[in-house]
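Notes to accompany the following structure.
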Amino acid sequence: QDARPEDVSSIDGIIKAYYEVVSGPAGETPDAARDKTLHHPDAWVAIAGEGPSGEPRVRVMSLDDYYGDNAPRTEGFWEWETDRVVQRSGNMVHVWSSYASARTQGGEPFERGVNSITLFHDGTRWWIMGWMFDSSAG
């Protein structure tokens, strides 16, 4: 599947698509195929949190590992950006993207947090190089 031009031609476009691909109703699967078009082939995903004794830990994986078997959602899940801070140096961009998550589209958030997203522009399009969030900070 080729990337949608509107997804990868701007920072706004790729961040919008980043949230769209994971959002949807119960019974449907996240759009992993579209998400792959946003991510560089060598992209990584990291989820920080706490271990059983409260110690900090992080799990780093590929996008394929993140999706696993990409089973249908058991509950609705919508996530959207609530605020953004962008820092740029040349073709490299770091985005602090604050978000909210709800079980229904436009519903009451059950979680809030921040995604740390690294982008790269290859002269033609934007790529997500990697992203991380801290599940213990929500």
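Since this is a predicted model, take the numbers as computed values, not measurements. The chain is numbered in sequence order, starting from 1.
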Whether the E79 and S101 side chains hold a donor-acceptor pair (N or O, under 3.5 Å, no angle test) is what I'd like checked. yes

So does P30 get a backbone contact from the side chain of N70, meaning a donor-acceptor N/O pair under 3.5 Å? yes

Do the numbers put R103 on top of the ring of F77, so that NZ or CZ is under 6.0 Å from the six-membered ring centre and no more than 45° off the axis? no

Determine, using the 4.5 Å side-chain heavy-atom cutoff (strictly less than), whether I15 and V45 are members of one ILVMFWY cluster. yes

Less than 4.5 Å apart, side chain to side chain, heavy atoms only: is that true for E6 and D12? no

Find out if a path of hydrophobic residues (ILVMFWY) with successive side-chain heavy-atom gaps under 4.5 Å connects V60 to I47. no

Charged N to carboxylate O below 4.0 Å: is that the case for D31 and K36? no

Is there a side-chain contact between T118 and V93 in this structure, where contact means two heavy atoms from C-beta onward sitting under 4.5 Å apart? no

Do W127 and L119 have side chains that approach each other closer than 4.5 Å (heavy atoms only, starting at C-beta)? no

Does the S89 side chain pair with the main chain of M92, one donor and one acceptor, at a distance under 3.5 Å? no

Hey, is CD on E50 packed in by over 12 heavy atoms from elsewhere, all under 6.0 Å? yes

Transitively linked via ILVMFWY side-chain contacts under 4.5 Å: V22 with I117? yes

Please work out which of the three classes, parallel, tilted or perpendicular, describes the rings of W126 and H121, given edges at 30° and 60°. perpendicular

May I ask you to check whether Y67 and D35 show a side-chain donor-acceptor distance below 3.5 Å? yes

Is it true that R34 and E20 have a side-chain N and a carboxylate O under 4.0 angstrom from each other? yes

What is the distance from atom CH2 of W80 to atom OG of S98, rounded to the nearest 0.5 Å? 13.0 Å

Side-chain donor-acceptor pair present, E81, S97, cut-off under 3.5 Å: yes

Between R73 and E28 (side chain of the first, backbone of the second, donor and acceptor by atom type, cut-off under 3.5 Å), is there such a pair? yes

For the CZ atom of R4 and the OG1 atom of T37, what is their distance to the nearest 0.5 Å? 8.0 Å

Short side-chain to backbone donor-acceptor contact, R88 and G90, under 3.5 Å: yes

Please tell me whether N115 and Y19 have a donor and an acceptor in their side chains that are separated by less than 3.5 angstrom. yes

Is the shortest side-chain heavy-atom distance between H40 and I128 below 4.5 Å? no

Between W131 and F133, how do the two ring planes meet: parallel, tilted or perpendicular, split at 30° and 60°? parallel

Hydrophobic clusters here meaning ILVMFWY residues chained together by side-chain heavy-atom distances under 4.5 Å, can you tell me if V114 and V95 are in one? no

